[in-house]
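In the text below, chain A, chain B and the rest are named by the order of the sequence lines, each starting its count at 1. Quick note: numbers below take in every heavy atom, side chains included, and nothing from hydrogens, waters or symmetry partners.
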Protein chains: 2
Amino acid sequence: MQLCRAFVPVAYSFLFRTGACCMGHMALFVNGDGKLNTLFCATREAAIKASSRVLQESKPSTPRTKKSISEKKTMSAEGNGGAMATNKQVILRDYVSGFPKESDFEITTTNFELRLPEGSNSVLVKNLYLSCDPYMRSRMGKPSAFALAQAFTPGKPILGFGVSRVIESGHPDYKQGDLLWGIVGWEEYSVVTPEMHFKIHDTDVPLSYYTGLLGMPGMTAYAGFHEVCSPKKGETVYVSAASGAVGQLVGQFAKMMGCYVVGSAGSTEKVDLLKNKFGFDDAFNYKDEGDLSAALKRCFPKGIDIYFENVGGKMLDAVLLNMNMHGRIAVCGMISQYNLEDQEGVHNLTSIIYKRIRIQGFVVFDFFDKYSKFLEFVIPCIKEEKIAYVEDVAEGLEKGPEALVGLFYGKNVGKQVVVVARE
Amino acid sequence: MQLCRAFVPVAYSFLFRTGACCMGHMALFVNGDGKLNTLFCATREAAIKASSRVLQESKPSTPRTKKSISEKKTMSAEGNGGAMATNKQVILRDYVSGFPKESDFEITTTNFELRLPEGSNSVLVKNLYLSCDPYMRSRMGKPSAFALAQAFTPGKPILGFGVSRVIESGHPDYKQGDLLWGIVGWEEYSVVTPEMHFKIHDTDVPLSYYTGLLGMPGMTAYAGFHEVCSPKKGETVYVSAASGAVGQLVGQFAKMMGCYVVGSAGSTEKVDLLKNKFGFDDAFNYKDEGDLSAALKRCFPKGIDIYFENVGGKMLDAVLLNMNMHGRIAVCGMISQYNLEDQEGVHNLTSIIYKRIRIQGFVVFDFFDKYSKFLEFVIPCIKEEKIAYVEDVAEGLEKGPEALVGLFYGKNVGKQVVVVARE
């Protein structure tokens, strides 16, 4: 168990911090145009090193030297010339164990020189929207010998997906004023290596959507459902944590395909959203169900063909009892397990044999080569109001810790976003 | 848990008793030439009914009416004309809970008329070899409301795979003297519906091999490894219960492909077989290892690409910690769980997300369309001694219960066979 607890967080970090990872002999990097760059290496080890190199180059922004305080000028968000600004940041106090608390974080303000170093190929960005995602829990724990990448560093700003405006660019793919999304610090200004970010071209949609529907969670839902679940028209689909950033979209993609879709969530308000806003065929509040398997049997009298797994533990056990022959379980996340010292045991795994069930873990980075195709599909859906999307918006970086911690108590209704600046 | 325990056995029964099953809108029947017949149905329900019909028609042979005792003639194994014989049978006394015991079975002898009813399209066979397989445990428990097919019936002979000689045939595909393998009663003579059996054409190999290497376990190893594991040359493969009927073959198929193969088993003798008879690169006795994960780490310092799962429970938990990115787990069986009232919990499932692990349950019946291809591959391997194969042979039907029960205590070394008659 100790091995496992240590292993999970660091691997998540590796994937979500960098936008770089290693697949077999191939190192993957997402470039500024949203295209996936691949670097084929002679050996698997070389690929791991290559992706690790990108990881090393992706340093979170840190306060510049104290001496620059004396060079303070009037700050300008439009351009700079070494203008000084204050940079509010969300700092991790210490490694987290168990459920995260607001007091695990503190808000600090540092002085920050709005200028890139000479010859830098990075970009200096102003962060507009930050994304609260369950995987971030995995980066809050202690680093481990099994680490593929660093956990968050106590005393430094935490990192996450965000939408940002370029203030200054040393990278040929970006210029001042461009918008991008990708991993940034939880702070007002960051310096990022743009290989790990997507340039935003469509700006006649709410920019915050690039933290969700048009960003990592949207792509997760799209690829997870269409590429991992192998769905067919008429099949039955169950989505747990269904009102969240990913779940609400999976359900709608499944409905578009002609599936029968049921979701579960943790409040009456969320269940109402599922049924009346997102168009799920049925929904239930898992907290009201003494017997999860019976609830699923009620909703799926003929069984479940596809389960989109966001929860794990007891929910997975109940689902296994209700899966159909040749069923598919796409494992996107297991939020019920992230804060536990000892993960719950799943007992009903023998059923996967005779039911020929496929359980497939996946990470969205493996599918970013389909991001352009995804945008071509989803942006018209937004404009034609074929997709409903609900955000839970926290105003101001100082509200970030509360919003982030709230994820693990199910406080958010819809995609949890933190507004840093509306420009 | 109760739901699961009930569900597992009946589904297994359905699959292994009949040789008929339902896949989507398709009912599958294995015919006498070893070819898979498919019957496409308008609806899934129709397909289920069609495969159930075959199941119903596949009645185990039962003692004929007592009055036929008065018609007793001299028995002839070559032919008959209503000859009477005694038929020794292995009877299930009552449903089994927990580990099966020899006393759960009794040997009885009944009178048996060696003649098919007028107009029958069945075949009357003399059973030569019977197969002891772990899945049979799932048929010994109580029937359940979730039953897809019947459990063994207390007071009746149990059923299993066997190799048999046709004494009389009412079926156009079979004639007297033919050999076949498939599901028969644990008895000296059975009447079977031959749609569920494979005719044996190659007889210059030991006939008992059709209970193992050339039968269901061989096909399980072949399809499970090549079709489910998606193996590539140079990958690392771990096989649990590796000296058993399936495991010993999976290891050898993996070696033929150029994989690095490690197996585990439960005694020094078995480990020695793995290393020195079956050509595994390494092997360990799981009973000697206090920390299974550490044992796997020692054998696979660079991790496991493929796990062929025969065991479940703690072993699966340890494997999950040692799997590589994009690893595959083919779930053939979970023998450690079959006799437990409450199945063990598996705790390390979150690792399947970031490692993108695929866990795929499978049943050999889905792959019997490849049986001819398998024989074309494997029979030359046997003749050229490219495959080693070890059987554990119990002589005499009366030794059947001991041999069968022994499976669940790991007493067998190699494929457990019961010799009913050597003709």
Closest non-hydrogen atoms of A:Y338 and B:I353, given as atom of the first, atom of the second and distance, are OH-CD1, 4.3 Å

What are the two closest heavy atoms between A:R358 and B:Q360, and how far apart are they?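 Shortest heavy-atom contact: CB-OE1, 3.2 Å.
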
Could you check whether any side-chain heavy atom of [X] comes within less than 4.5 Å of a side-chain heavy atom of [Y], counting everything from C-beta outward?
| X | Y | result |
| --- | --- | --- |
| A:H347 | B:D342 | no |
| B:H326 | A:D366 | yes |
| A:L349 | B:L349 | yes |

Residue A:E344 versus chain B: region with a heavy atom under 4.5 Å: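 It is the backbone, since no side chain atom gets that close.
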
Cut-off 4.5 Å, heavy atoms of chain B, and the answer for A:I329 is neither

Interface check, chain B: of A:G312, A:A330, A:G345, most non-hydrogen pairs under 4.5 Å belong to A:G345

Results of salt bridge (charged side-chain N to carboxylate O under 4.0 Å, His left out) for A:E227 - residues two or more places apart only: none

Looking at A:K370, I want to see if its NZ is surrounded by more than 12 non-hydrogen atoms of other residues, nucleotides or ligands under 6.0 Å. yes

Roughly how far apart are B:D317 CG and A:Q343 CD, rounded to 0.5 Å?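 One finds 9.0 Å between CG of B:D317 and CD of A:Q343.
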
How long is the straight-line distance from CZ of A:F362 back to CD1 of B:I357, given to the nearest 0.5 Å?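 The CZ atom of A:F362 is 14.5 Å from CD1 of B:I357, to the nearest 0.5 Å.
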
